[in-house]
Amino acid sequence: MRKLVALPVLSADALSSVAYGPEALLAVLVLAGSAGLGYVFPVSAAIVLLILAVGLSYRQTIRAYPHGGGSYIVAGDNLGPVPGLVAAAGLMTDYVLTVAVSIASGVAAVTSAIPGLASMTVPLGLGVIVLLLAGNLRGVRQAGALFAAPTYAFILAMFLLITVGLVQSIGQGFAPRPEPAVTAAEGVGLFLIMRAFSSGATAMTGIEAISNAVPVFRPVAWRQARTTLSWMTGLLIAMFAGIIVLAHAADVVPSSQETVLSQLAHLSFGSGWLYVFVQAATAAVLLLAANTAYNDFPRVLSLLARDDYAPRLFMRLGDRLAYSNGIILLSLAAASVYVAFDGQTTALIPLYAVGVFLAFTLSQSGMVVHWWNKRSPHWRRSLLFNALGALLSAVVFITAGISKFTSGAWVAIVAVGLFLLLTLRIHRHYALVRARLRLRPDTAPAPQRAVGPPVSGESEELPDEVHNLALVAVATLDLAGLRALAYAASLGQPVLALHISLTDEEAERSRAYWTAWGDHLPLEIIVSPYRATVAPLVHYVEALHQKHPDLTLTVILPEIVTRHRRHQLLHNRTAPRLRRALRPLPKVVVTTVPFHV
């Protein structure tokens, strides 16, 4: 991917956050009236420093992980499995809230321009989630000019707004406008400033997206990614600072009826087409930012499933090569959060900061350990940048957790704890199943090769020379698979084992395992690069049946049966899906051989 395309596609989440980050900062400071608003520049300067530090620290992550270094991978590799899971929990919370917050802010941009829709906030947001769900299930991807246009339009709109607004202020000699009626609800204190800082810091959400997607860049990928990250950081700082300065110069404060950006656009452009352009560009980029989570959430969930920390059904690709189950889960979670908080951006922000900066903190802490262990060239400078990023991210995480605990941050903290508990229990279950299924010399006798009537010149029968064939689908050479093979051999008819491999490397590895086991039965391996398992097996059976219509096929499947019904959700339901797919074919029998754990 070229930098000109990668910048808008991968930066949509981060850059769009200026639509709600500055407003979230002002919404807290305004609680203390004019005295609170007087702290807007010091707090904003601290946030700019944070953006710069974290941006520089992620440049080091890109150099260390040129194949993509998400928080889960970095923290897991360098800090251990549990910190990796905590980072994953922060990421998952972040992605769910990215959808909810981006849609809430986008709907607010629409209702600010069309006040008559204000009462439809929740239905409009749910409608957008349904559209995103449908589009992603059909395999929509962020690529090309189609997805780059909204971000570039938003960048243009923001710089146009900032430039015109500042020129107007300069022309008026920065003459103060009539101050809005602001009633102080509380006094200025450290606690208020901490809350404002953590709220405004949400303007840097999504800054890690480029480090996660290094492989999509053209060669040399990591250099291209670092350059793109630098441009994104610069744009983010410029837009955030510009909006803050303009809001202060115009004496604009948050309102429940109209967003800060809408108020600024009205002041600069009136209600003409430029105002409509600003609002439309804001809504479009926020919708695109919400869609970024639909790429990242299912991918992280599939990585967790690969490592046995999530149900394996989340590794399954749908017909459109999308992680359909992860997409559905994200939509349900985001819709629940959106409805629970009535689609209000200000209510969702306290939850947002916790997950985001928890992942940032663990990722950057993992990079500190990485540089300390590797001691590669320039490691001290890289370690310093990552240590600073980890420290500042930890400050924001702790600040948000404490200052916004009663405002909703407790929900994110509890969600992280429950996620950690659930993933560890899932991993323990899979470890138990693996132990029960592991082959042992004393308990795993090899089934003997079953043969039919002798054929002249052959030592064994082939499928086209028999009228009965047992086809055993073997996912892994373990006790469950061995029991299915033994059952098939006991039927006294020829047996053919069938294995679906996702890559050529996996196919070679499976063949080597089969040979080491003794090659007691013939094995057919089908490579399925699209990660499908049921469809290739069905196609193989169909082709075999069409070629030999007089052949009766008995498809035998090993099936894991758990003691507790809730654990059954952790195992692929291949047998029922295959039975439904094969039901229309004549002379095909599907048999399952249960293995109880």
Side-chain angles (χ1 to χ4, degrees), residues 17-18 20-54 90 93-94 97 101 104-105 179-205 240-241 243-245 247-248 251-256 259-260 337 340-342 344-362 364 388-417:
S17 62
V18 301
Y20 49 81
E23 182 165 359
L25 164 63
L26 294 171
V28 176
L29 291 178
V30 77
L31 295 175
S34 299
L37 292 173
Y39 286 88
V40 65
F41 285 145
V43 176
S44 298
I47 293 173
V48 167
L49 175 63
L50 175 65
I51 295 173
L52 183 61
V54 173
T93 305
D94 176 20
L97 288 168
V101 172
S105 187
E179 292 191 3
V182 176
T183 303
E186 56 183 280
V188 177
L190 179 61
F191 194 69
L192 179 80
I193 294 173
M194 289 170 58
R195 286 165 55 198
F197 175 67
S198 60
S199 293
T202 55
M204 57 180 293
T205 57
F240 176 83
I243 294 298
I244 289 294
V245 171
H248 184 76
D251 285 323
V252 168
V253 297
S255 166
S256 59
T259 66
V260 167
V337 171
F341 288 84
D342 205 26
Q344 299 300 312
T345 308
T346 52
L348 290 164
I349 289 295
L351 285 74
Y352 206 8
V354 172
V356 172
F357 286 96
L358 175 59
F360 283 178
T361 301
L362 290 171
Q364 298 310 305
L388 179 61
L391 176 63
L392 293 178
S393 298
V395 168
V396 180
F397 168 66
I398 295 171
T399 299
I402 295 174
S403 63
K404 296 180 174 295
F405 186 82
T406 57
S407 301
W410 67 271
V411 177
I413 294 173
V414 169
V416 169

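Heads up: numbering here begins at 1 and tracks the sequence. Everything numeric in this text was worked out from a predicted model, so none of it was measured.
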To the nearest 0.5 Å, tell me how far [X] [atom1] sits from [Y] [atom2].
X	Y	atom1	atom2	result
Leu50	Ser393	CG	OG	6.0 Å
Leu190	Thr399	CG	OG1	8.5 Å
Ile413	Leu351	CD1	CG	9.5 Å
Tyr352	Thr202	OH	OG1	8.0 Å
Ser44	Ile51	OG	CD1	9.5 Å
Ile47	Ser198	CD1	OG	8.5 Å

Smallest separation among heavy atoms of [X] and [Y], with atom names:
X	Y	answer
Met204	Ala201	CG-O, 2.9 Å
Ala412	Thr93	CB-CG2, 4.2 Å
Tyr39	Pro42	O-CD, 3.2 Å
Ser105	Thr345	N-OG1, 3.4 Å
Ala400	Val354	CB-CG2, 4.3 Å
Phe197	Val43	CA-CG1, 3.8 Å

Close side-chain approach of Leu392 and Leu388, heavy atoms under 4.5 Å
yes
Is there a side-chain contact between Ile398 and Phe357, using heavy atoms and a 4.5 Å cut-off?
no
Side-chain atoms of residues 20-29: list all donor-acceptor pairs with protein atoms under 3.5 Å, sequence neighbours left out, distances to 0.1 Å.
| residue | atom | partner | partner atom | Å |
| --- | --- | --- | --- | --- |
| Tyr20 | OH | Thr205 | OG1 | 3.4 |
| Glu23 | OE1 | Val260 | N | 3.3 |

